[in-house]
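The structure appears right after this line, and notes come after that.
Note on naming: letters A, B, ... go to the chains in the order of the sequence lines (proteins, then strands), and numbering restarts at 1 for each one.
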Amino acid sequence: MNHWLMKSEPDTFSIDDLARKRREAWDGVRNYQARNYMRDAMKTGDPVFFYHSSCAAPGIAGIAAVASAAYPDPTQFDPRSPYFDPGSSRDDPRWMLVDVKFVRKLKRIITLDELKTHRALAAMPLLQRGTRLSVQPVTKAQWDFILALE
DNA sequence: GCCAACGTTGGC
DNA sequence: GCCAACGTTGGC
């Protein structure tokens, strides 16, 4: 089992939105490394930190879980979608996604500022300068450390 | 809204 | 295959 962190802008889709919908297709990822993680390494049941980005208080807001195997992101075929990719085809889809299901909100948002203060977390891609990966692995040690902060 | 950092595109 | 230009991410 692998652990993950997935970013979402709460103005677009927040942990509360996931709590209400229970389950969501994680569409719109258009970065090859993030896609590869979803396609090649994620397994149903893997735990996921739900991270709020591009907002007043960026940080980890809740826990989700991978809820499907990877399958083609339908938005890539939809000319009306902002995620439409004319270079992709149904025969050879470029972008894959997984479904994610709600597990729980954290008791409080563990902010990016707080994460930065812990040396045990210094290796997280999230904290590396310039890293923008929206789907990234979290080690078991990092996962446990962060949950203990809650 | 700014801008640093990064990934992708496309001309050559 | 190089690399400049461009678009995007995301913290601040």
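- As rounded to whole Å, 17 Å separates atom C1' of B/dT9 from atom CZ of A/R30.
- A/D144 has a carboxylate O that lies under 4.0 Å from a charged side-chain N of A/K140, or vice versa, which qualifies the two as a salt bridge.
- Residue A/K7 places no side-chain N or O under 4.0 Å from the OP1 or OP2 atom of C/dT9.
- Checked by atom type, the side-chain pair A/R132/A/S53 shows no donor-acceptor distance below 3.5 Å.
- Atom NE2 in A/H52 sits about 17 Å away from atom C1' in C/dT9, given to the nearest Å.
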Any N/O pairs under 3.5 Å between the protein and nucleotides 4-7 of chain C? List them or say none.
none

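- For the pair A/L133 CG and B/dT8 P, the computed distance is 10 Å after rounding to whole Å.
- Taking only side-chain nitrogens and oxygens, A/Y51 comes nearer than 4.0 Å to OP1 or OP2 of C/dG11.
- Under the 4.5 Å side-chain heavy-atom criterion for grouping Ile, Leu, Val, Met, Phe, Trp and Tyr, A/I109 is not connected to A/L5 through any hydrophobic cluster.
- Whole-Å rounding puts the A/E9 CD to C/dG10 P distance at 7 Å.
- In this model, no donor atom of one side chain and acceptor atom of the other lie less than 3.5 Å apart for A/S89 and A/D91.
- Side-chain contact check for A/Y83 and A/D78: no donor-acceptor pair (N or O, by modelled atom type) lies under 3.5 Å.
- Rounded to whole Å, the distance from CG on A/D85 to C1' on B/dT9 is 13 Å.
- A/F84 meets the ring pair (Phe, Tyr, Trp, His ring centres under 6.0 Å) test with no other residue; sequence neighbours excluded.
- The distance between atom CG of A/L126 and atom P of C/dT9, rounded to the nearest whole Å, is 16 Å.
- Residue A/D11 contributes atom CG, which lies 13 Å from atom P of C/dG11 at whole-angstrom precision.
- Between A/L115 atom CG and C/dG11 atom P there is a gap of 11 Å when expressed in whole angstrom units.
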